[in-house]
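Some notes on the structure that comes next.
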Amino acid sequence: MTVQPIEFPGLTAAASLDLLRQHAPLVHCLTNDVVQAFTANTLLALGAAPAMVVDPEEAAQFSAMADALLVNIGTLRRSQAEAMLAAVQAANEAGTPWVLDPVAAGPLAYRTGFAHSLLPLRPAAIRGNASEILALAGESALGRGVDSADDSSLALSAARKLATDHHTLVAVTGRVDFVTDGERIWSINDGHPLMTRVTGTGCALSAVVAAFCALPGDRLSHVAAACKVMARAGRLTAADVRGPGSFAVDFLDRLYTLQGEQLQ
Amino acid sequence: MTVQPIEFPGLTAAASLDLLRQHAPLVHCLTNDVVQAFTANTLLALGAAPAMVVDPEEAAQFSAMADALLVNIGTLRRSQAEAMLAAVQAANEAGTPWVLDPVAAGPLAYRTGFAHSLLPLRPAAIRGNASEILALAGESALGRGVDSADDSSLALSAARKLATDHHTLVAVTGRVDFVTDGERIWSINDGHPLMTRVTGTGCALSAVVAAFCALPGDRLSHVAAACKVMARAGRLTAADVRGPGSFAVDFLDRLYTLQGEQLQ
Amino acid sequence: MTVQPIEFPGLTAAASLDLLRQHAPLVHCLTNDVVQAFTANTLLALGAAPAMVVDPEEAAQFSAMADALLVNIGTLRRSQAEAMLAAVQAANEAGTPWVLDPVAAGPLAYRTGFAHSLLPLRPAAIRGNASEILALAGESALGRGVDSADDSSLALSAARKLATDHHTLVAVTGRVDFVTDGERIWSINDGHPLMTRVTGTGCALSAVVAAFCALPGDRLSHVAAACKVMARAGRLTAADVRGPGSFAVDFLDRLYTLQGEQLQ
């Protein structure tokens, strides 16, 4: 069964972006310490609304009110794991879609076990790099660090397996992004290497994936649109800046002003 | 008893700003995870000095040394609540003024109870949006999110009641800001909607309110000056930028270079 | 025994910077809440790789994989102290160099005791301002705040004593930076006062010191190079910007593009 990836059409991404701006979903972000502000600013720039509610009781209460939930394990601690579990359970009861970003799953034992324990809890989508997706699928990881696995195609079959086994969507991102439900595969060949020199671009993408999961319609397509919007904004931004400092600034401006035709 | 708000004079704001730069108050910020860096950079840009000391014992020790204390419950957790109580008690014993930012009070149970429990502990000022001020005053909240209540005038009577009942000052901010001691009401009709697309502008304002509360003189006027300085800097900045990314950068530059005459 | 500081040569700093970009060390940062993103972005801009792993078990596991470890006590809490101790012990077992940033040691009791307890655990280097270095060396502190001690020369003899007593390197930074092993003293007379108006420049320097400690060769010289690179980038940046907002942005761009000849 060989399925070829198909390049995701910019026109479809543009339609999803319009929908996002109309719906302005409220995204509950349980994410890591490093990327809180950049994640919030990315969502705000795109027209979504971020909120970070971290106490376990409140996290559960808030997940039921939010339009989507992000669970990012980049700086997982025991107390945060408790809040994440409470939030995921409440999200599932309320029908709130939730997204898993398994940061650095593989080499680190505690988070890898925790990420595996979340898989039966029906994430709407999983967004990771090749190492992380391989680790979640039970295959051997590639590298030691967060950005060590830039060749996402190495994890494409793992991504399909993970999606099939857990009835979820998987976005494996890198130089090329792939988004799959286990059957169909969209590819997004866009973005720019400078994005790897700015902390939080991948984590912010996962929050954006969560925001797009809140939209009505074909979720696989919306998740691909999230990847496309971020990658294209990154490529357009990189063409104009002097380095990673101005990249982070202009990227937010770009997301704020991005027009549908720029996605094509 | 109908009291009309009076537009706060820019000239008075300019005098407070001069005083702030002379005194360079040290502000102890117990604030939420998302806005730490932006809050610190806002205070530094204005000429105040920020410090975040989070262990309960040290937070108490430090509140007695600082010139003002900020308590922002945006990412309240049990361990942080303990540090906040210890810091507030030490601040009160030392005569250090403290400011409450009741982020998202209303819809979320734990923080709302905690915020209510702080009211008898004599905050120098409270800064929130309409929803938050209504919730603190025991009236029904308006919306689900942090930025859901942009029409601050809806909470003006609640703000006056809160100020009177707890012998404090209340700044209810939105498209127009109102600052009241329960009797007098200053209004600040300035600012720009782009400020709501940058995370932490409201939270940073609360830290600036705390800094201005450290100054000698009429505290009601200083709190109004804090709102005026931030709103005017926001409006001047928004005129020149491409989006929320460059807004956040230029806003800090603007605070750093702001002259008294630009407030008039 | 009077040893005169010698101005550190830019040419040597340039060689260390080249080496850093070749090695791209992975730096495990256990640092304070305020500076996480700026620290990560500083390391990325220079060509190093940051990671923040905070759970005690994982922090120990990760320190053994990383090329260097940073321990910054700016927002020390009991749970973080546990992770720091575990990480330092694992680093020592694995031969990973670790760097201590004793933020605000002196006036605050808990962190000062904790910082003292770390000294026998063989830090590769310590980076602090004059107050902090004086406090660590057991001499009386100068001031109350993080940036209160700008005259680093006041702590030069304390820095030498600390380095000698604990067989470590000490960088005491301020208007002039001094780096010593107790015998030799390098001075770096560069930098710009605007750096003190941006939160995290000192903390990010400590992370950069950690990155440079991972390089082969003369560690004293590499630590001085870390100070030189950051100070020179700061001075070049300050010449071009309008205030602290644009400083923080352009500083990252500058680190990214910095050429060896600009260090001379």
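Per chain, numbering begins at 1; letters A, B, ... match sequence-line order. Predicted, not measured: the structure shown is a model, and the values here were computed from it.
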Under a 4.5 Å cut-off applied to non-hydrogen side-chain atoms, are C/S79 and A/R77 in contact?
no
A/L76, part contacting chain C, at a heavy-atom distance under 4.5 Å
backbone
Under 4.5 Å to a heavy atom of chain C? For A/V198 that would be both
For the OG1 atom of A/T199 and the CG atom of C/L252, what is their distance to the nearest 0.5 Å?
11.0 Å
Salt bridge (charged side-chain N to carboxylate O under 4.0 Å, His left out) assessment of A/R242 paired with C/D250:
CA-CA 9 Å; A/R242 294 176 309 278; C/D250 289 9; 3.1 Å; yes
Below 4.5 Å, heavy atoms only, C-beta onward: do A/N32 and C/Q36 meet side chain to side chain?
no
Shortest non-hydrogen contact between C/Y256 and A/G243, atoms and distance
CD2-CA, 3.8 Å
What are the two closest heavy atoms between A/V249 and C/V249, and how far apart are they?
CG2-CG2, 3.6 Å
Is there a side-chain contact between A/L108 and C/M65 in this structure, where contact means two heavy atoms from C-beta onward sitting under 4.5 Å apart?
yes
Side chain from CB out, backbone as N, CA, C, O: work out which of these in C/A49 comes under 4.5 Å of a heavy atom of chain A, or both, or neither.
neither
Are any of the side-chain heavy atoms of C/E57 and A/R78 separated by less than 4.5 Å?
yes
Of the non-hydrogen atoms in A/S246 and C/D253, which two are nearest, and what is the gap between them?
OG-OD2, 2.6 Å
At what distance, to the nearest 0.5 angstrom, does CD of C/E58 lie from OG1 of A/T75?
10.0 Å
Distance (rounded to the nearest 0.5 Å) between A/F114 CZ and C/D55 CG
11.5 Å
Which bit of A/L194 comes within less than 4.5 Å of chain C, counting heavy atoms only: side chain, backbone, both or neither?
side chain
